[in-house]
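I have placed the structure first, in the form of structure tokens, so that the comments after it can refer back to it.
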Amino acid sequence: MSQGSSHRPHSPRRVALIVDEGTNPFEVGVATELFGLPRPELGLPGPLYEVLLCTPAREVRMNHGFFTMTGTHGLDAVDTADTLVVPGRPDTVVPRGAAILDAIRRTHARGARIMSLCTGSFALAEAGLLDGRRATTHWMWVDAFRELHPRVRLEPDVLFVDDGDILTASGSAAALDLGLHVVRRDHGAEVANAVSRRLVFAAHRDGGQRQFVERPVPRVPDESLGPLLAWAQERLGEPLTVGDLSERAAVSAATLHRRFRAQLGTTPLAWLTGERVALACRLIERGEERLDVVAARSGLGTAANLRARVRRETGLSPSAYRRRFGPVAEEALTG
């Protein structure tokens, strides 16, 4: 683990996860995988998060009765959480119980962060939290959502929406993207990259990417992009282009584009930019205070481009990012 993250006092954030009758088990698994596992590979004295599974009853049957959740906390446990996660369930027309809606409203009223996964956004809207605000949901339920909650500023084609204290993911897989985005917000790019490596999942897919609604399965699977990605990650400071990537992979630019879409859900250029921003953030975390050096070593070129890209991906200027995640004894970046 880098010097930039190991120096800070460790205090795990508390995440409460509401499991309701009919909740999708995959999304519960995503949340517990992201926030509930110990991560000794980070070299920290304790976990990043403490997870509480909260249910409205002592025994809750999940979607289709495949799993039954027992031995959980009651809904009053959400009152101690820094973040509340609300997974989805397929029966979006059936109202949530009053106790669950009250728990969601209480959590929001005291200023905690709230995340919904897939159709969990229906619960947030039903609780009145999304009126006039940006949110997303799974593409299959867009029309139903708009009919039930017309005052929500629904963004139907994106992977996730970060609207500050309320974050919504469009689908089950997009829950991983949103979760890694939250880990990056909380603990910095290097920790988020370590979590993604353990998940064997793309470290960064921007929330503004489109949901991939009807992607056909190729008859012959494309070759793995792993060797190409590793090669590119070692050369981010060089003037790499999509043409360089396609030449290295010995395929046309169009074929490379299709492979990236199929395997990573993004384009080669977006992946390359995301990796460069992640490297820039790691350099800032490790204490590099010269923006021109960070820009050059990460391949972002200029300090102005670095500022724009870091702000777009993290919501922070480089100086603010460094104050939050960099060595506390260093002077702030000029940025």
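One is the number of the first residue; the rest follow in order along the sequence.
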Residue pair [X] / [Y], side-chain heavy-atom distance below 4.5 Å:
{"X": "Arg13", "Y": "Asp186", "answer": "yes"}
{"X": "Met62", "Y": "Val28", "answer": "yes"}
{"X": "Arg259", "Y": "Leu225", "answer": "yes"}
{"X": "Thr107", "Y": "Arg110", "answer": "yes"}
{"X": "Leu167", "Y": "Val182", "answer": "yes"}
{"X": "Arg146", "Y": "Pro156", "answer": "yes"}
{"X": "Leu148", "Y": "Phe122", "answer": "yes"}
{"X": "Pro87", "Y": "Val19", "answer": "no"}

When you check the side-chain N and O atoms of [X] and [Y], is any donor under 3.5 Å from an acceptor?
{"X": "Arg14", "Y": "Thr80", "answer": "yes"}
{"X": "Asn305", "Y": "Thr302", "answer": "no"}
{"X": "Ser116", "Y": "Ser121", "answer": "no"}
{"X": "Thr68", "Y": "Arg61", "answer": "no"}
{"X": "Arg258", "Y": "Thr255", "answer": "yes"}

Nearest 0.5 Å please: distance from the [atom1] atom of [X] over to the [atom2] atom of [Y].
{"X": "Leu53", "Y": "Thr23", "atom1": "CG", "atom2": "OG1", "value": "11.0 Å"}
{"X": "Leu228", "Y": "Leu256", "atom1": "CG", "atom2": "CG", "value": "6.0 Å"}
{"X": "Ile284", "Y": "Ser319", "atom1": "CD1", "atom2": "OG", "value": "9.0 Å"}
{"X": "Ile100", "Y": "Leu75", "atom1": "CD1", "atom2": "CG", "value": "6.0 Å"}
{"X": "Phe260", "Y": "Leu272", "atom1": "CZ", "atom2": "CG", "value": "8.0 Å"}
{"X": "Asp162", "Y": "Thr314", "atom1": "CG", "atom2": "OG1", "value": "10.5 Å"}

Can [X] and [Y] be counted as an ion pair, charged N to O under 4.0 angstrom?
{"X": "Arg134", "Y": "Asp163", "answer": "yes"}
{"X": "Glu190", "Y": "Arg282", "answer": "no"}
{"X": "Glu155", "Y": "Arg153", "answer": "no"}

For [Y], is there any backbone N or O sitting under 3.5 Å from a side-chain donor or acceptor partner on [X]?
{"X": "Arg113", "Y": "Asp165", "result": "no"}
{"X": "Glu41", "Y": "Ala194", "result": "no"}
{"X": "Thr119", "Y": "Arg89", "result": "yes"}
{"X": "Thr32", "Y": "Gly29", "result": "yes"}
{"X": "Ser170", "Y": "Leu159", "result": "yes"}
{"X": "Glu288", "Y": "Arg290", "result": "yes"}
{"X": "Arg276", "Y": "Gly237", "result": "no"}

>> Go through it in stages, so that I can follow the logic: the residues are Leu84 and Ile18, the test is side chain to side chain contact (heavy atoms under 4.5 Å, CB included), and I'd like the CA-CA distance, side-chain angles, deciding distance and then a yes or no.
In response: CA-CA 8 Å; Leu84 176 63; Ile18 288 183; 3.7 Å; yes
In terms of hydrophobic clustering (I, L, V, M, F, W, Y; side-chain heavy atoms under 4.5 Å; direct or indirect links), are [X] and [Y] co-clustered?
{"X": "Val94", "Y": "Leu101", "value": "no"}
{"X": "Phe26", "Y": "Met69", "value": "yes"}
{"X": "Leu52", "Y": "Val60", "value": "no"}
{"X": "Leu279", "Y": "Leu240", "value": "yes"}
{"X": "Val277", "Y": "Leu316", "value": "yes"}

> Can you check side chain to side chain contact (heavy atoms under 4.5 Å, CB included) on Ile114 and Thr83, steps first, answer last?
Replying inline: CA-CA 6 Å; Ile114 299 182; Thr83 300; over 6 Å; no
>> Thr267 vs His257, test: side chain to side chain contact (heavy atoms under 4.5 Å, CB included). Steps then yes/no.
In response: CA-CA 6 Å; Thr267 65; His257 190 279; 3.4 Å; yes
>> Between Trp139 and Asp157, is the side chain to side chain contact (heavy atoms under 4.5 Å, CB included) condition met? List the steps.
In response: CA-CA 7 Å; Trp139 61 269; Asp157 291 330; over 6 Å; no
Got more than 12 heavy atoms from elsewhere within 6.0 Å of [atom1], [X]?
{"X": "Arg151", "atom1": "CZ", "answer": "no"}
{"X": "Arg58", "atom1": "CZ", "answer": "no"}
{"X": "Gln233", "atom1": "CD", "answer": "yes"}

Minimal non-hydrogen separation, [X] against [Y], with atom names:
{"X": "Thr136", "Y": "Leu154", "value": "CA-CD1, 3.8 Å"}
{"X": "Gly22", "Y": "Pro90", "value": "O-CD, 3.7 Å"}
{"X": "Phe145", "Y": "Ala125", "value": "CZ-CB, 3.9 Å"}
{"X": "Val191", "Y": "Val183", "value": "CG1-CG1, 4.0 Å"}
{"X": "Glu27", "Y": "Cys118", "value": "OE2-CB, 3.2 Å"}
{"X": "Ala189", "Y": "Tyr321", "value": "N-OH, 2.9 Å"}

>> Please identify which of these residues, Asp20, Asp102, Asp91, meets the salt bridge (charged side-chain N to carboxylate O under 4.0 Å, His left out) condition with Arg96.
In response: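 The passing option is Asp20.
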> Less than 6.0 Å separating the ring centroids of Tyr49 and His187?
Replying inline: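 Yes, the ring of Tyr49 comes within the 6.0 Å limit of the ring of His187, centre to centre.
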> Any idea how Trp141 and His138 line up, ring-wise: parallel (<30°), tilted (30 to 60°), or perpendicular (>60°)?
Replying inline: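 Rings of Trp141 and His138: perpendicular, over 60°.
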